[in-house]
Amino acid sequence: MKLLLISVVQSSLLCAGQVLLKFALQALGTPSWSMAFVLRSLANWWLLACGLCYGAATLLWLYIIKHYPFSMAYPMISLSYVFGMLAAVFIFHEQVPLARWVGVLLIIAGCALIAK
C-alpha cells in the first residue's frame, strides 16, 4: 500500500511537470535558436516550475526503485497516464472518448493488482 501511495505522488508530480511544460511552451511562442528565445526560456516561471516537479518526481523515483522490486515499481509509472487524462479533461477541457476511459480504468486495476 505504501508503494501505491508514493507512486501516486510521484506520478502526480510527473503529470504536473507535463502540464506546466505545456503552459511554458504556449507562453514561449515559436521556438528558435535565437538568444532572445533562450532568454525568454530562462525567465519563464512555468518552465522553472516544470523542472522542480520533474526534479521532485525523480527523487521519489530513486526512493521507489531502491526500496521496492523493479517488477512492482516500474508499472506504477503508468499512473501518470491516469493523471494525464484527468488533466486533459479538467485543465485543458478536452473531450475524452469512452474507449480511453476504459483504458484508464484498466491501468488503475493493473496498478492495484501489482501493489498487492
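Predicted model only: the values in this text are computed from it and were never measured.
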Rounded to the nearest 0.5 Å, how far does [atom2] of [Y] lie from [atom1] of [X]?
| X | Y | atom1 | atom2 | answer |
| --- | --- | --- | --- | --- |
| Tyr81 | Ser11 | OH | OG | 10.0 Å |
| Leu25 | Leu20 | CG | CG | 11.0 Å |
| Leu39 | Ser34 | CG | OG | 8.5 Å |
| Arg40 | Met35 | CZ | CE | 12.5 Å |
| Cys50 | Leu21 | SG | CG | 4.5 Å |
| Ser7 | Trp61 | OG | CH2 | 7.5 Å |

Worksheet item: Given a cutoff of under 4.5 Å between side-chain heavy atoms of I, L, V, M, F, W and Y, with clusters grown through shared members, what are the other residues clustered with Leu106?
Response: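 Traced through the cluster, Leu106 reaches Leu98, Val102.
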
Item to complete: Could you list who else is in Leu59's hydrophobic cluster, with ILVMFWY side chains joined at under 4.5 Å, directly or through other members?
Response: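 Traced through the cluster, Leu59 reaches Leu62.
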
Discussion item. My understanding is that only one of Leu14, Val8, Val9 makes a side-chain contact (heavy atoms from CB on, under 4.5 Å) with Ser12; could you say which?
Written reply: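 Single pass found, and it is Val8.
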
Minimum side-chain heavy-atom gap [X]-[Y] below 4.5 Å:
| X | Y | value |
| --- | --- | --- |
| Val104 | Val96 | no |
| Ile108 | Cys111 | no |
| Phe83 | Gln18 | no |
| Met76 | Ile64 | no |
| Phe92 | Lys22 | yes |

Item to complete: State, to 0.1 Å, how close Cys53 and Leu13 come at their nearest heavy-atom pair, and which atoms those are.
Response: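 The answer is CB-O, 3.5 Å.
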
Item to complete: Quick one: closest heavy-atom pair of Ser80 and Cys15, and the distance?
Response: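 Scanning both residues completely, I find the closest heavy atoms to be O-CB, 4.3 Å.
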
Is there a path of hydrophobic side-chain contacts, each under 4.5 Å between heavy atoms of I, L, V, M, F, W or Y residues, that connects [X] with [Y]?
| X | Y | answer |
| --- | --- | --- |
| Leu79 | Val19 | no |
| Ile65 | Leu4 | yes |
| Met85 | Ile91 | no |
| Ile107 | Phe90 | yes |
| Leu5 | Met72 | no |

Worksheet entry | Heavy atoms of other groups near Gln95 CD, more than 12 under 6.0 Å |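 Check fails, neighbour count at 12 or below.
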
Practice prompt. Return each pair, listed once, that meets ring pair (Phe, Tyr, Trp, His ring centres under 6.0 Å) where at least one residue sits in residues 28-56; pairs must be two or more places apart or across chains.
Written response: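 Every ring pair (Phe, Tyr, Trp, His ring centres under 6.0 Å) pair that includes a residue of residues 28-56, provided the two are not neighbours, is Phe23-Trp46.
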
